[in-house]
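Below is one structure; the comments refer to it alone.
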Amino acid sequence: MSDRYVNEFYASLGLRPVVNAAATLTRLGGSLVAPPVVPAMAEAARHFVDIVELHRRVGQRLAELTRNDAAYVTSGAAAGLTLAVTACVSGAGGGTDPVAIEDLPYLDKTGERTVIVYGSQRNAYDYAVRQVGVRLVEVGPEPGELAAAIDGRTACVLWFAGAHFSSGALPLADVVRIAHEAGVPVLVDAAAQIPPVSSLWHFTTEVGADAAIFSGGKGLRGPQSTGLLVGQEWVIAAARANGSPNHSIGRGLKVGKEELLGLLAAVEWTLAQDEPALLAAYEATVRGWVDGLAGLPGVQVERGYPSEAGQPHSRALVRIGPDSGWDRDRLVAALWACDPHIAVGEVDPNTIALNPQPLQDGEDEIVLRELRRLLADRPA
């Protein structure tokens, strides 16, 4: 095994590093931080600072960089979702109404509040919304359904970005128009929607959503425990009022000084990259996998587009037929048994996916080599 994959801290705990050809998944540590992130975090760790003021200054800088009115660093995208919904529930008076704040999450005094979502977009992150105390109301793709669902209890409409969520929902521009005509804000969960980096301003500045939420530890390559909330000043002000170190529903969603400077460094770095060249490199990696796995008995491989998160880049889809001697689960387990571990995506009972986004230089060759070795050696 290469020295590159020897980590003394992981080894002391009996762990092996991972070659990640799956995705920027939280369970695998998100992404690897961009080069300037660790130095920025180390510098932050050397001094005490006024956290409230640091939050504001970093937010101002991030708003400028992302072409938004305001921005706020959260402890992950799920926390950003919680605070953005909280902002819509308690947004009157900048989210500082003590009655509204103390009423969370039971809403006994202020009354039931609802968040409208598309039924086709329901997912595990419902929990980040429901913990605010709101009730989710599902609608379908017909324009009249959204308008009919809005009433005096509606706190906001939540729309999930990504090509994989587009079916069964109105386009965001239509959602914004209908909701805003009724005086209801729109939030966009865009946690994994970088690339493209233009997502940072597209959903808000260009389409008109009131706020959008991103993961700091995926495509932005910032600290894994960060998220980025961008949008209208009133949303950010209310989220800030209900977040740490203030005593509200977001008190436990703490962001440290190290993460604040780390995410700022990551966003600055990301915006300076050549994104077309990056996407072209992803495409070349996928083409290498498709060509390198072609012709193996019982195996079909093709280019899949978009990514599992609906991002605008391809991945390799490898279908495992009975003539290969393998099934998907045994192959996934065999790849994980390699040293270092190799993680891949699982698409359906017969298909794995190889994603180029999380890989370091040369790791695509490791994935190809180990897959060819395993597939050429039919298991007993």
Side-chain angles (χ1 to χ4, degrees), residues 1-7 10 15-35 192 194-197 217-221 224 269-270 273-320 324 326 328 330-348 350-377:
M1 181 175 60
S2 167
D3 289 343
R4 174 179 180 178
Y5 295 102
V6 176
N7 183 300
Y10 291 163
L15 298 173
R16 298 202 300 268
V18 176
V19 171
N20 181 5
T24 54
L25 303 173
T26 296
R27 66 178 177 83
L28 294 176
S31 59
L32 300 181
V33 297
I194 296 173
V197 72
K218 295 185 183 295
L220 287 173
R221 293 185 59 184
Q224 166 65 1
W269 180 86
T270 297
Q273 302 310 297
D274 184 342
E275 187 170 77
L278 178 66
L279 294 175
Y282 291 166
E283 192 67 35
T285 295
V286 171
R287 176 51 54 194
W289 282 331
V290 171
D291 292 344
L293 294 172
L296 291 172
V299 177
Q300 294 182 330
V301 57
E302 63 183 26
R303 174 185 182 269
Y305 186 93
S307 74
E308 79 294 329
Q311 299 159 316
H313 68 77
S314 61
R315 54 183 179 157
L317 301 179
V318 185
R319 293 186 174 86
I320 312 301
S324 70
W326 291 87
R328 187 204 67 180
R330 292 180 71 186
L331 183 59
V332 170
L335 287 165
W336 187 255
C338 293
D339 192 0
H341 296 300
I342 296 176
V344 297
E346 300 175 16
V347 179
D348 61 39
N350 301 307
T351 308
I352 65 172
L354 309 178
N355 185 338
Q357 184 186 14
L359 296 178
Q360 300 184 75
D361 289 343
E363 289 185 336
D364 57 320
E365 298 172 5
I366 296 174
V367 174
L368 178 59
R369 182 183 70 236
E370 293 303 308
L371 260 176
R372 287 186 59 86
R373 177 182 65 82
L374 291 169
L375 291 170
D377 182 17

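- Two residues are said to be in side-chain contact when any heavy atoms from C-beta on lie closer than 4.5 Å; Glu363 and Asn20 fail this criterion.
- Residue Gln300 qualifies as open at atom CD: its count of foreign heavy atoms under 6.0 Å is 12 or below.
- Summarising the geometry of Thr285 relative to Asp364, their closest heavy-atom pair is CG2-CB, 3.5 Å, with the distance given to 0.1 Å.
- Looking only at distances, a side-chain donor or acceptor of Arg372 sits under 3.5 Å from a matching main-chain atom of Gly292.
- Ile366 has its side chain out of reach of Leu359: every pair of non-hydrogen atoms, C-beta onward, lies at least 4.5 Å apart.
- Across every non-hydrogen atom of Arg16 and Asp339, the tightest pair is CD-OD1, 2.9 Å.
- Put simply, the side chain of Arg303 reaches to within 4.5 Å of the side chain of Tyr305, judged on heavy atoms.
- The shortest distance between side-chain heavy atoms of Arg319 and Ser324 does not fall below 4.5 Å.
- Taking all atoms of both residues into account, the shortest heavy-atom contact from Val290 to Ala316 is CG2-CB, 4.4 Å.
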Val332/Leu335 under side chain to side chain contact (heavy atoms under 4.5 Å, CB included): CA gap, chis, key distance, verdict: CA-CA 5 Å; Val332 170; Leu335 287 165; 5.7 Å; no

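- Under a 3.5 Å cut-off, the side chain of Arg315 and the backbone N or O of Ala353 do not form any donor-acceptor pair.
- Between Pro195 and Gln357 there is a side-chain heavy-atom pair separated by less than 4.5 Å.
- For the pair Ser314/Ser307, no side-chain contact is recorded, criterion being any heavy-atom separation below 4.5 Å from C-beta on.
- The two residues Asp348 and Arg328 make their nearest non-hydrogen contact at O-NH1, 3.0 Å.
- Annotation: the span from Gln360 atom CD to Leu32 atom CG amounts to 5.0 Å, rounded to 0.5 Å.
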Step-by-step side chain to side chain contact (heavy atoms under 4.5 Å, CB included) determination, Val318 to Thr351: CA-CA 5 Å; Val318 185; Thr351 308; 5.7 Å; no

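- Between Leu293 and Leu371, some side-chain heavy-atom pair lies under the 4.5 Å cut-off.
- Shortest non-hydrogen contact noted between Ile194 and Gln311 is O-NE2, 3.3 Å.
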Full working for side chain to side chain contact (heavy atoms under 4.5 Å, CB included) between Val19 and Glu370: CA-CA 11 Å; Val19 171; Glu370 293 303 308; over 6 Å; no

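- At a threshold of 4.5 Å between non-hydrogen side-chain atoms, the residues Ile320 and Asn350 do not count as touching.
- A salt bridge does not link Arg373 to Asp377: none of the charged side-chain nitrogens sits closer than 4.0 Å to a carboxylate oxygen.
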Side chain to side chain contact (heavy atoms under 4.5 Å, CB included) assessment of Ile352 paired with Leu331: CA-CA 9 Å; Ile352 65 172; Leu331 183 59; 4.1 Å; yes

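- Remark: side-chain polar atoms of Glu283 are not paired, donor with acceptor, to backbone N or O of Leu279 under 3.5 angstrom.
- For Trp326 (side chain) and Leu374 (main-chain N/O), a donor-acceptor pair under 3.5 Å exists by modelled atom type.
- Listed here is the closest heavy atom pair of Ala343 and Trp336: CB-CZ3, 3.9 Å.
- The backbone N or O of Gly30 sits nowhere less than 3.5 Å from a side-chain atom of Thr24 that would complete a donor-acceptor pair.
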